[in-house]
Number of protein chains: 4
Amino acid sequence: MAGVNKVILVGNLGADPEVKYLEGDNVVANLSLATTEAYKDRSGNRVEQTEWHDLELWGQQAKIAEQYLKKGSQIYVEGKIKSDKWTDEQGQNRKKVRIRVLSFTMLGGKPEGMGPSSPQNSSPQSKPATAAAPSGSDKMVMDDADDDLPF
Amino acid sequence: MAGVNKVILVGNLGADPEVKYLEGDNVVANLSLATTEAYKDRSGNRVEQTEWHDLELWGQQAKIAEQYLKKGSQIYVEGKIKSDKWTDEQGQNRKKVRIRVLSFTMLGGKPEGMGPSSPQNSSPQSKPATAAAPSGSDKMVMDDADDDLPF
Amino acid sequence: MAGVNKVILVGNLGADPEVKYLEGDNVVANLSLATTEAYKDRSGNRVEQTEWHDLELWGQQAKIAEQYLKKGSQIYVEGKIKSDKWTDEQGQNRKKVRIRVLSFTMLGGKPEGMGPSSPQNSSPQSKPATAAAPSGSDKMVMDDADDDLPF
Amino acid sequence: MAGVNKVILVGNLGADPEVKYLEGDNVVANLSLATTEAYKDRSGNRVEQTEWHDLELWGQQAKIAEQYLKKGSQIYVEGKIKSDKWTDEQGQNRKKVRIRVLSFTMLGGKPEGMGPSSPQNSSPQSKPATAAAPSGSDKMVMDDADDDLPF
DNA sequence: TTTT
DNA sequence: TTTT
C-alpha cells in the first residue's frame with residue numbers, strides 16, 4: 001500500500017550550494033541546511049540544538065539553487081527522506097540519509113541581486129534583465145514535476 | 001533564528017517494536033518503518049521503491065507502541081530528524097539518522113485485542129479491561145508533551 | 001514572495017463521494033472528511049471533537065475517489081486551503097473554505113473489491129480485471145500533476 | 001479513531017495583530033495571513049493567486065504575536081483547521097473556518113527592536129532589556145503546550 | 001524487515 | 001558549516 005514520506009524544513013544554509021553538471025544535461029546541487037531548536041534544560045538554561053541536513057536537488061531546481069542561494073540563505077524546504085546503502089572497505093553495511101528536495105522557497109525577502117532594480121547578469125544561468133524581472137519571484141517555488149527522476 | 005524540522009510518515013512496521021527499559025524509569029522503543037512509493041519507469045513498468053526509517057519513541061509513547069503495535073502495523077508518524085555522530089574504530093566520522101517520533105496514530109481501524117469487547121490482558125503492560133475500554137482509543141494519538149526529553 | 005499553503009489530514013469520509021462530470025471532460029468530486037481529536041477536559045472526562053472538512057478533487061483523482069472511496073473510508077490527504085468569495089442575496093460578503101486535494105492515499109489496507117483476487121466489475125468505472133489487478137494499488141496515491149488546474 | 005488535522009503556512013501578515021484581553025487572564029490574537037502562489041495560465045502569463053487565512057492564537061503565543069509581529073511580517077505557521085458554526089439572522093446555517101495556531105516562527109531575520117542591541121521598551125508587554133536579550137530569540141517558536149485550550 |  |  002502506498003505510503004507517505006515527507007520532510008518539511010526551515011533553516012539556513014551552512015555553505016554555498018555545491019553544483020555538479022552531469023552528462024546527459026543533468027544537474028545536481030547539494031546543500032547543507034541547519035535547523036536550530038532552542039529549549040531550556042533542567043537548570044533553566046537556554047540550550048541550542050542544531051541539526052544539519054544533507055539536501056539534494058536535481059534539474060531546474062539545482063540551477064535555481066545555484067543562482068539564488070548562498071551561505072546563510074534561509075529557505076523553506078519540502079522533500080522526502082532517501083537513503084543510499086553500500087558496503088564499505090571494511091565490509092560494513094553503511095547507509096547515508098539525504099533529503100531529496102521536491103520544492104523550496106526562499107524566505108526573508110528578495111535576495112540581493114534579484115528583481116527588476118538589480119538584475120543578476122553575472123551568473124552562468126543569467127537571463128536578460130527583462131526576463132528576470134517579471135518572472136523572478138515565481139521561480140522561488142520550484143516543483144520538480146518536470147524532471148525525470150521519480151525516485 | 002528558530003527553525004523547523006518536521007517529518008511526516010505513513011507506513012508499515014517491518015518488525016515488532018524493540019523496547020528497552022532504562023534506569024530512571026525511562027523507556028525507549030525502536031521501530032523500523034517502511035514507506036513505499038510506486039511509479040512507472042521510462043519503459044512504463046511499475047517500480048516500487050521502499051525506504052526504511054529508524055524511529056525512536058520515548059516514555060509513554062514507547063509503552064503504547066509496545067502494547068499496541070506489531071510487525072505489519074500501519075501508522076501515521078510525526079517527528080523530527082535527529083542524528084547521532086561519533087568516530088568509529090577506524091577513526092572515521094560516522095552519522096546515524098533517526099526519526100524522533102513526537103506523535104503517532106494507528107491507522108486502519110482498531111487493532112485486535114483493543115477496545116471494550118476484547119481487552120488485551122496478555123501484554124506485559126496490560127491493564128484492567130475497564131481501564132483499556134474507555135481510554136483506549138484516545139491513546140492512539142500520543143504527544144510526548146509530558147516526557148522530559150527536549151532534544 | 002512565494003508562500004506555502006499546505007494541509008495534511010487523516011480521517012474518515014462521512015458519505016460516499018459526490019462526483020460531477022462537467023463539460024470539457026472535466027470531473028470534480030466532493031468529499032466530506034471527519035478528523036476527530038480526543039482530549040480530557042478539566043474534569044478529566046474524555047471529550048471528542050470532530051472537524052468536518054470539505055474536500056474537492058479534480059480530474060483523474062476525482063475518478064479514483066469515485067471508484068475506490070465510500071462512506072467510512074479512511075484516507076490520508078494532502079492539499080491546500082482554497083476559498084471562494086461571493087455576495088449573498090442579502091448583500092453580505094460570504095466566504096466558503098475548501099480543501100483542494102493535491103494527493104491522497106487510502107489507509108487501512110486493500111478496499112473490498114480491489115486487487116487481483118476480486119476485481120471490481122460492478123463499479124460504473126470498472127475496468128477489466130486484468131487492468132485493475134496490476135495497476136490498482138499504485139493509483140492509490142494520486143498527484144494531480146497532469147490536470148490543468150493550477151489554482 | 002484518532003485523526004490528523006494539520007495546516008502549514010508560510011506567508012505575510014496583511015495587518016497588525018488584533019489582540020483582545022479577555023476575562024480570566026486569557027488573551028487571543030487574530031492575524032490575517034496571505035499565502036501567495038504564482039503560476040502560468042494557459043496563455044503563459046504569470047498569474048498570482050493570494051489566499052487569506054484567518055489565524056487565531058491564544059495565551060502566551062498571542063502576547064508574543066502582539067509584541068513582535070506586525071503588518072508585513074513573514075511567518076511560518078503550524079496549526080489546525082477549526083470551524084465555528086451558527087445560525088444567522090436569516091436562519092441560515094453558517095460556518096466560519098479559522099486556523100488555530102499551535103506554533104509559529106518568525107522568518108527573515110531579527111525583527112526591528114528585538115535582541116540585545118535595541119530592546120523594545122515601548123510595547124505594552126515590554127520587558128527589561130536584560131530579559132529580552134538572552135531569552136528573546138527562543139520565544140520565536142512558541143508551542144501552546146502550556147495554555148489550557150485543548151480544542 | 002512492512003505493505004500492496 | 002548557518003542563523004539568533
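Every value quoted in this text rests on a predicted model; they were computed, and no experiment measured them.
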Mind calculating the distance between [atom1] ([X]) and [atom2] ([N]) to the nearest angstrom?
| X | N | atom1 | atom2 | result |
| --- | --- | --- | --- | --- |
| B/Lys71 | E/dT3 | NZ | P | 7 Å |
| B/Leu9 | E/dT1 | CG | P | 20 Å |
| B/Lys70 | E/dT1 | NZ | P | 20 Å |
| B/Asn12 | E/dT3 | CG | P | 6 Å |
| B/Arg46 | E/dT4 | CZ | C1' | 7 Å |
| A/Asn93 | E/dT1 | CG | P | 12 Å |
| B/Leu33 | E/dT1 | CG | P | 16 Å |
| B/Leu13 | E/dT3 | CG | C1' | 11 Å |

Does B/Trp52 lie flat on the base of E/dT1, that is, centres under 5.5 Å apart and planes under 30° off?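 Yes, aromatic ring over the base.
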How long is the gap from NZ on B/Lys6 to NZ on B/Lys80, to the nearest 0.5 Å?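 Separation between the atoms: 10.0 Å.
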Side-chain donor/acceptor of A/Thr50 to base of F/dT2, under 3.5 Å: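 Side chain to base: pair found, below 3.5 Å.
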Ignoring hydrogens and angles, are the base of E/dT1 and the side chain of B/Ser32 linked by a donor-acceptor pair under 3.5 Å?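 Answer is yes: a donor-acceptor pair is held.
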Going by the side chain to side chain contact (heavy atoms under 4.5 Å, CB included) test, name the single residue among B/Val10, B/Thr105, B/Leu69 that passes it with B/Ile75.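 Output: one option passes, namely B/Leu69.
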When B/Val7 is tested against each of A/Ile99, A/Ile8, A/Ile81, A/Asn5 for side chain to side chain contact (heavy atoms under 4.5 Å, CB included), which residue passes?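 Passing option: A/Ile81.
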Is it true that a side-chain atom of A/Glu66 and a backbone atom of A/Pro17 form a donor plus acceptor pair closer than 3.5 Å?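 No; zero donor-acceptor contacts below 3.5 Å.
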Measure from the side-chain N and O atoms of D/Asp16 to the backbone N and O of D/Lys71, and report whether any donor-acceptor pair falls under 3.5 Å.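 Yes, the answer is positive, given that a donor and an acceptor are paired below the 3.5 Å cut-off.
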Please determine, for the side chain of A/Glu48, which listed nucleotide (F/dT2, E/dT4, F/dT4) has the closest atom?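 Of all the options, the side chain of A/Glu48 is nearest to F/dT4.
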Side chain of B/Lys85 only, heavy atoms from C-beta on: which candidate in E/dT3, F/dT2, F/dT1 is closest?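 Ranking E/dT3, F/dT2, F/dT1 by closest atom to the B/Lys85 side chain puts F/dT1 first.
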Report which part of the nucleic acid B/Gly72 touches: base, sugar-phosphate, or nothing (heavy-atom distance under 4.0 Å, all strands).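 Result for B/Gly72 = sugar-phosphate.
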